[in-house]
Structure formats: C-alpha cells, structure tokens
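The structure presented is a predicted model; accordingly, all values stated were derived computationally and were not measured. To find a chain, count down the sequence lines: A is the first, B the second, and so on, and within it residues start at 1.
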There are 2 protein chains.
Amino acid sequence: MKDRTPVPPPHPADDVTEHVGYRLKRAAAALRGAMDKALREHGLTVPQYACLELLDQRPGLSNAELARSTFVTRQSMNVVLRGLQDADLISRPATTDHGRALPAHLTEHGRERLDAARSAVYAIERTMVDAFPQRRLAALLADLDRMAEALGG
Amino acid sequence: MKDRTPVPPPHPADDVTEHVGYRLKRAAAALRGAMDKALREHGLTVPQYACLELLDQRPGLSNAELARSTFVTRQSMNVVLRGLQDADLISRPATTDHGRALPAHLTEHGRERLDAARSAVYAIERTMVDAFPQRRLAALLADLDRMAEALGG
DNA sequence: CCCCCTATGTCAAAATCCTGACATGAAGGA
DNA sequence: TCCTTCATGTCAGGATTTTGACATAGGGGG
C-alpha cells in the first residue's frame, strides 16, 4: 500500500504560522519596526533613509526610478522627495533640457545625515545576519530573490 | 601585521540590493502585490484574508489577539473587523460576561468566502515555495523566524 | 510629418494605518 | 477593602500610501 499524500506538498501546513508568507511578513514587520525606532532618533523615516542610501550609491536617480527601487508608487515617492528637499537633504533641478525625469542628488547635509543613520541601520542588519548560521546567508539572499522574481516582483 | 577588517562582516555589501533588509522588503512587497491582486477578485483585502484564516484555525480570537498575530495595531485591526462584520463574514458579540475581549467567529458566509480565496492564496504560496530547492524550505522558515526574534518581533 | 505608445511628474480624492488618548474590566498586593 | 497595574476596546486626529486621472516629453512606424 502506498502512502497517501505523496510528498505532502511541502506546504499547506496545518498551522498558518508555518507558511512562508506568514514568516516573511513577520520578519519584514520586525525589520520595519526596528528601523522605524532607530531612524526616528536621526529624524528620518524608513522610505526617506532608503532614498538617501540609493542616491548615495547611484546619484541622479529620478523620482520614478527611486519609486521602483523602493517598491512604492511614484506618488508616494514624490511626497518623500518633497520632504527630503524641504529638509535640504537632497536637491532636484526644477527643469531639465532633455526629457521629464528630474535627477536627484544628495546635498552635503544629506550625506552627513546618511552617515549618521547608516551605522544604526547597519547594526540592525548585523543583528539579523547574526541570528542564523553565516554559511546560509548566500542561499537565503538567493532564495528571497527567487521568490520575488517568481511572483513578478 | 594583522588583517584590517577581520571577517569583512559578512555583510556591509557594496550594493544595497545585496543587503538582507532589501531582499526581505523586495520579497514581502512582491508577495503583498500578488496577494492584493488575487484577493481583489474575491472581494477581500490582505488583512481581511489574514483575519479569516486565523479565525478559521483559532476561532474566538479577540481584536487585540488578531492584531498581534497580523502585526498591526489594535486600531487598524478594529476597522478591518468592522468591515468583515458589515460584510457578514464574521460575528462578534456586542457584550461579554467576563472581561472585555470580544471573541470573533466566522459566519457560514465567511467560511465560504475563505474557502474560495484560499485556493488563490495557496497558489501564490506554492509559486514562492517552488522557486527554490525544496530541501531549503525548513531552513528558510527557521532563519526568517530567528531574524524576527532577534529584532524583537 | 503625424499618430501611437510609453514613461514621467503631478494633482486630487480616498483608503489605510499609526500615534495619542480615554474609559472599562480583571487581577494582584498592601 | 482599596489601589495599582495591566490588557482591552474605542474615539479622534494626523500621517502615509494608494487609486485614478491628467498633461507633457520622447521614440518609432506609418
């Protein structure tokens, strides 16, 4: 007689908390909370920090490009950029001679703020990475990426 | 002479997209988007579906317990529950003889709606799980859990 | 040259979520 | 008993984000 439920498809678990989606949400929520708390002391929100970090590594990104990179809508990113502009952390030209995309750049003030906030965020990242065997880091990163890709992210 | 930066701590990568936090956010955003799209055809939002699923497995949960289980505030969960009540998918007593917590239960209508939506969500979950080697599923779940725990989630 | 398609920035309105606050009910200790 | 503490449900306000829509700029193809 053969086993029923051949390969109990790894998944439809009996408990919701065993689902990948639940764990993913839990980890993301914990990260978001920790970053919120840490960044508040630096006067930054999570989307604002994400913007500064991206602009530091890839200066000249436009609003739409930043939005795609941070997984929010253009409209949301627009208000974030306005906030950063009002705080003099980034600069954007009012017009451009070619196209509509307005390239954003960090100001000196923005670079300083980013440097200060980065250490706090990196400490959080370190806490996460240290929570599991280091030899699994590469696989974890790869698997998260594959999941996102499979879902059309 | 000793090495500088002993153990280039696995992590501060040169590219933001190599960070665990970024990958986590990306995967969570992709999952959220896929679930949003799939659940819309069933007339449910993601928090609403999460509620129904939890109440199916653990009937009688209170508003505060549901909020903690889904990683949102009591206030947010309260409006979700009101929506579900107005749609006659769950029921909550107006009063209780002991304590303040109001236990929520699925209605027959709610169970039917959940059954319909569940297949769509499980298909998404399946897509995610199939995106990486099955032998890594257990480790992935465990590592996500450890990360959340380390961050105080 | 003109039309179609795409991408971008922006505005307006709505939905969603969170912060802060308050009142009630239960439990435990002085 | 009384009081302190904690957890819960709820209200009000504001902040954030999304949905929907519109106008503009550039690239191709007819």
Side-chain angles (χ1 to χ4, degrees), chain A residues 25 28-41 43-51 55 60-87 90-105 153, chain B residues 25 28-41 43-51 55 60-87 90-105 153:
Chain A
K25 188 174 181 179
L31 172 59
R32 175 65 183 245
M35 287 185 67
D36 263 327
K37 181 180 174 185
L39 288 174
R40 191 164 317 170
E41 303 172 8
L44 288 175
T45 65
V46 171
Q48 284 176 339
Y49 167 78
C51 262
L55 286 176
L61 286 179
S62 70
N63 176 32
E65 290 170 321
L66 286 167
R68 278 191 295 268
S69 298
T70 54
F71 317 110
V72 296
T73 60
R74 284 172 309 188
Q75 295 88 331
S76 297
M77 182 52 64
N78 206 351
V79 317
V80 172
L81 287 184
R82 282 175 183 276
L84 290 173
Q85 266 181 301
D86 292 347
I90 70 167
S91 67
R92 264 196 309 175
T95 63
T96 178
D97 21 352
H98 180 40
R100 292 197 78 192
L102 303 175
H105 291 269
Chain B
K25 188 172 180 180
L31 172 59
R32 175 65 183 244
M35 286 185 68
D36 263 329
K37 181 180 175 185
L39 287 173
R40 190 164 315 169
E41 302 171 8
L44 289 175
T45 66
V46 171
Q48 284 176 338
Y49 167 77
C51 262
L55 286 175
L61 286 179
S62 71
N63 175 31
E65 291 170 321
L66 285 167
R68 278 191 297 268
S69 298
T70 54
F71 317 110
V72 296
T73 61
R74 284 172 311 195
Q75 294 86 333
S76 296
M77 182 52 64
N78 205 349
V79 317
V80 172
L81 288 184
R82 282 175 183 276
L84 289 174
Q85 267 183 301
D86 292 347
I90 70 168
S91 67
R92 263 196 310 176
T95 63
T96 177
D97 25 353
H98 181 35
R100 292 197 78 193
L102 303 175
H105 291 270

Once you round to the nearest 0.5 Å, how far does [atom1] of [X] lie from [atom2] of [Y]?
X	Y	atom1	atom2	result
A/Leu44	A/Leu84	CG	CG	7.5 Å
A/Arg92	A/Leu61	CZ	CG	12.0 Å
B/Arg40	B/Met35	CZ	CE	12.5 Å

Value in whole Å for how far the [atom2] atom of [N] lies from [atom1] of [X]:
X	N	atom1	atom2	value
B/Leu44	C/dA15	CG	C1'	16 Å
A/Arg100	C/dT8	CZ	C1'	6 Å
A/Arg92	C/dT10	CZ	C1'	10 Å
B/Leu66	C/dC17	CG	P	14 Å

### Query
What residues in residues 67-75 of chain B put a non-hydrogen atom under 4.0 Å from any atom of DNA chain C?
B/Val72, B/Thr73, B/Arg74, B/Gln75
### Near-strand residues of residues 77-84 of chain A, defined as heavy-atom separation under 4.0 angstrom from DNA chain C
A/Asn78, A/Arg82
Which residues pass the side chain to side chain contact (heavy atoms under 4.5 Å, CB included) test with [X], not counting sequence neighbours?
X	value
A/Ala38	A/Ala120, A/Ile124
A/Ala28	B/Ala28
B/Gln75	B/Thr73

### Message
Using a heavy-atom cut-off of 4.0 Å across all strands, would you classify B/Asp36 as base, sugar-phosphate, or nothing?
### Response
nothing
### Message
Run the ring-ring contact (aromatic ring centres under 6.0 Å, His included) test against B/Phe71 and tell me which residues pass, sequence neighbours left out.
### Response
A/Tyr22
### Message
Would you say B/Ser76 places a side-chain N or O within less than 4.0 Å of OP1 or OP2 belonging to C/dT16?
### Response
no
## Note on the structure
Assert: residue with more 5' nearest nucleotide on DNA chain C, out of B/Gly99 and A/Glu65, is A/Glu65
### Query
Given axes from five pairs at either end, by how many degrees does the helix from C/dC1-D/dG30 to C/dA30-D/dT1 bend, rounded to 10°?
10°
### Message
Need two values: the first and the last nucleotide of DNA chain D, 5' to 3', having an atom under 4.0 Å from any heavy-atom of chain A.
### Response
D/dT17 to D/dG26
### Task
Compare every heavy atom of A/Ala50 with every heavy atom of A/Thr70, then report the nearest pair and how far apart it is.
CG2-CB, 3.9 Å
#### Entry: Residue pair B/Cys51 / B/Leu81, side-chain heavy-atom distance below 4.5 Å
yes
### Query
Going by heavy atoms in the side chains, are A/Leu39 and A/Thr45 under 4.5 Å from each other?
no
### Message
Taking salt bridge (charged side-chain N to carboxylate O under 4.0 Å, His left out) as the cut-off, I'd like each qualifying pair that reaches into residues 60-77 of chain B, sequence neighbours left out, listed once.
### Response
none
### Task
Take B/Ala101 and A/Pro47, find for each the nucleotide of DNA chain D with the closest heavy atom, and name the residue whose nucleotide sits nearer the 5' end.
B/Ala101
For residues 98-105 of chain A, please give each side-chain donor-acceptor pair under 3.5 Å, one per line with the distance, not counting sequence neighbours.
none

### Query
Using 4.0 Å as the upper bound for N to carboxylate O, is an ion pair formed by B/Asp36 and B/Arg32?
yes
